[in-house]
Protein chains: 4
Amino acid sequence: MARSVNKVVLIGNLGDDPELRYTGSGTAVCNMSLATNESYTNSDGEEVQQTEWHDVVAWGRLGEVCNEYLERGSQVYFEGKIETNQWEDQDGNTRYSTEVKALEATFLGEGPDGAVPGGGQPAQGQSPAPSQRRAGGQGGASGGGPPSQSGGDGQPGSDETFEPDDDLPF
Amino acid sequence: MARSVNKVVLIGNLGDDPELRYTGSGTAVCNMSLATNESYTNSDGEEVQQTEWHDVVAWGRLGEVCNEYLERGSQVYFEGKIETNQWEDQDGNTRYSTEVKALEATFLGEGPDGAVPGGGQPAQGQSPAPSQRRAGGQGGASGGGPPSQSGGDGQPGSDETFEPDDDLPF
Amino acid sequence: MARSVNKVVLIGNLGDDPELRYTGSGTAVCNMSLATNESYTNSDGEEVQQTEWHDVVAWGRLGEVCNEYLERGSQVYFEGKIETNQWEDQDGNTRYSTEVKALEATFLGEGPDGAVPGGGQPAQGQSPAPSQRRAGGQGGASGGGPPSQSGGDGQPGSDETFEPDDDLPF
Amino acid sequence: MARSVNKVVLIGNLGDDPELRYTGSGTAVCNMSLATNESYTNSDGEEVQQTEWHDVVAWGRLGEVCNEYLERGSQVYFEGKIETNQWEDQDGNTRYSTEVKALEATFLGEGPDGAVPGGGQPAQGQSPAPSQRRAGGQGGASGGGPPSQSGGDGQPGSDETFEPDDDLPF
DNA sequence: TTTT
DNA sequence: TTTT
């Protein structure tokens, strides 16, 4: 049995609007770049701000909901797990990029135009089977991910064709 | 004010013995490679095992304690935060490597020779000021870190000269 | 929308064997008493041990699995949420008892007779709709719960009639 | 060694203004009542809202900071541990009340008059030695705590004499 | 009532 | 590279 736990809790602000794509099989993938901030006083007595940038990815319905309700600057709580993807750069070197796969989200600020999701529990997403997971598609956040060719492994124009459901499940 | 949270909880097993070094200023740095496992049943009904490898770094006293009580195979609970370091590879490209900075540890299995720490709370570490943090020195774990020149920014022979305290504070 | 998070992470040891019952509608309920320990050195330099006892309840399949694989002394990781139930004592006073509703469990030690669950992810449970939740049935752990009449709101003899599945899903 | 973890993460809103008292030895104690909300759809298709009330206590500087920057309705993140206190009611019965001892707080909304704490990390508190802990003083939140005689074990008028520091450490 |  |  897996005697393991891999859990992440983040509260921060998005550095940019979410980027939604769809995989070839039609699964939504939402990439976000989240900043967490910490400050400390250095030896000269000056306050120094330290920002950590996190690549966050949300799959499926959770990804669509994030894309709809979050935007650059939004404050959000994510719960998820750490995943490191392996890929090859153009020189054939094995490279790694680490991201947080969001499994739950709680929106702490208002969305665009004051829109706010309408109901209950934290948003929860489904994700593809782990085997489907592979490197690619980091929306553009920091973190050393592979080159993000827009719509890389998804269908084109996904963002535009996204139709928000009227009955949000949360 | 920082309205941020950056928290990680891991339970897993070490893939190798911890590697302890000391920085030039004498701060202990312990690098560990931790596996978390998950399995799922694929569409063919076969159970597939998925392993995630985490670069974990513990600073100061916590690092020394980890080095003393943990070894390849040890099961351990870590609590900490995600940190992504930036560095340059030999071609001058900016690269990133992500690790978990451990702030607390709880040893869930026995240490070498059945040794077990002797007291109370979860082990806690101190760390250098964030400004001191920079890329370099990932002990050799996976994750695409910078080339680990042994003893890179520390004094030589640190591991050997380490003298465990008789009065462990935990 | 609920902009809330209610999350608990515990690692500790069971003070007694789990107690499994079934509700009238056939849902399994497993009550456990979990100790977490902390020690500190007081002003006289003596080490003082502090134990915190937690009432943990697991519903459904997760409860059955806990009942099968855990016993007095078992070390276990629980993740769940805090719930406070309201009830009336025999004098008609409103009383409260707080418990942790387990949503995930990871077994950190061996079970009875060295038995160990056989597969993947942390065990996960389903629970009844929150509306079904009410005070009652705390297995006998500390915490000021209501008087625990055996089989209080379940069918009689549940524990004895429990038939473990042959195909554990985890 | 304590191989234990006792950790709570809450995001919710205060149901009332914080209540600050001081113990006889001058330690600040801030009691708060925090609501976390969850909603679900029942079998009739109606959305039902479920609110969980948490007694949260913050000691020392953290308590003072909470008292200064939080008020009824404030959204806040708390991280801490579960503690169950034992006490005797007027009939001599042993009673228990459970609360969350906050160890860190992150303020997610603005404070009174738009005031916002001025710096870096999540607020952190110190607490008295565990031996000092005993039942008493739940500020008035739900949870079945002991009768809260105002100023129970503290000095009188603490709240009024509270002088906020000019140099907030966070 | 556990564990170390 | 771990663990089950």
Side-chain angles (χ1 to χ4, degrees), chain A residues 1-6 84, chain B residues 10-19 31-39 47-56 69-78 106-111 114-123 138-143 168 170, chain C residues 10-19 31-39 47-56 69-78 106-111 114-123 138-143 168 170, chain D residues 1-6 84:
Chain A
M1 153 185 213
R3 307 187 167 198
S4 290
V5 173
N6 173 0
T84 296
Chain B
L10 299 174
I11 295 178
N13 298 275
L14 293 194
D16 214 336
D17 290 340
E19 297 191 11
N31 287 283
M32 292 164 283
S33 185
L34 185 83
T36 55
N37 301 285
E38 214 174 317
S39 69
E47 190 172 316
V48 181
Q49 166 118 352
Q50 197 93 6
T51 297
E52 201 70 41
W53 287 100
H54 308 267
D55 287 339
V56 178
Y69 289 102
L70 297 176
E71 62 181 352
R72 176 192 182 105
S74 296
Q75 189 184 35
V76 59
Y77 166 95
F78 284 121
T106 295
F107 305 146
L108 301 171
E110 303 199 343
V116 158
Q121 282 81 347
Q138 271 77 0
S142 73
L168 284 173
F170 73 109
Chain C
L10 299 174
I11 294 178
N13 298 276
L14 294 193
D16 215 336
D17 291 340
E19 296 191 12
N31 287 282
M32 292 163 282
S33 185
L34 185 83
T36 55
N37 301 285
E38 215 175 315
S39 70
E47 190 173 314
V48 181
Q49 166 120 353
Q50 198 94 4
T51 297
E52 201 70 40
W53 287 99
H54 307 268
D55 286 340
V56 178
Y69 289 102
L70 298 175
E71 62 181 352
R72 176 193 183 107
S74 296
Q75 189 184 36
V76 59
Y77 166 95
F78 284 122
T106 294
F107 306 145
L108 301 171
E110 303 199 344
V116 156
Q121 282 80 350
Q138 271 77 358
S142 73
L168 283 172
F170 71 107
Chain D
M1 154 187 213
R3 308 188 166 195
S4 289
V5 172
N6 174 0
T84 297

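Sequence lines set the chain letters: A, B, ... in the order given, protein chains first and strands last, and positions in each chain run from 1.
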Here the distance between atom P of F:dT4 and atom CD of B:E47, to the nearest Å, is 15 Å
Distance col, row C:L108:CG vs B:I11:CD1, nearest 0.5 angstrom, shows 5.0 Å
Q. Within the structure, does a side-chain N or O atom of C:R72 lie under 4.0 Å from either OP1 or OP2 of E:dT2?
A. yes
Smallest heavy-atom separation, D:S4 atom then C:G12 atom, equals OG-CA, 4.4 Å
B:Q75 CD to F:dT2 C1', in whole Å, measures 11 Å
In terms of heavy-atom contacts, C:E47 and C:S39 come closest through OE2-OG, 3.4 Å
Rounded to whole Å, CE of B:M32 lies from P of F:dT3 at a distance of 16 Å
Separation of F:dT4 atom P from B:E52 atom CD, nearest Å, is 19 Å
Rounded to whole Å, CH2 of B:W53 lies from C1' of F:dT3 at a distance of 9 Å
To the nearest 0.5 Å, atom OG1 of A:T84 lies from atom NE2 of B:H54 at 7.0 Å
Of the candidates E:dT2, F:dT4, F:dT2, the side chain of C:A35 sits closest to E:dT2
Regarding the side chain of B:T51, the nearest nucleotide among F:dT2, F:dT1, E:dT2 is F:dT2
Could a donor-acceptor pair under 3.5 angstrom be found where the side chain of C:S74 meets the base of E:dT2?
no
Side-chain contact check for C:D16: nearest option of E:dT1, E:dT3, F:dT1 is E:dT1
Whole-Å distance, C:Y77 OH to E:dT3 P, equals 22 Å
Here the distance between atom C1' of F:dT2 and atom CD of B:Q50, to the nearest Å, is 15 Å
dist B:F78:CZ -> B:L70:CG (nearest 0.5 Å) comes out at 5.5 Å
Classify the side chain of C:N37 versus the base of E:dT2 as yes if they form a donor-acceptor pair under 3.5 Å and no if they do not.
yes
Testing E:dT3, F:dT2, F:dT4 for proximity to the side chain of C:N13, the answer is E:dT3
Separation of E:dT4 atom C1' from C:Q49 atom CD, nearest Å, is 7 Å
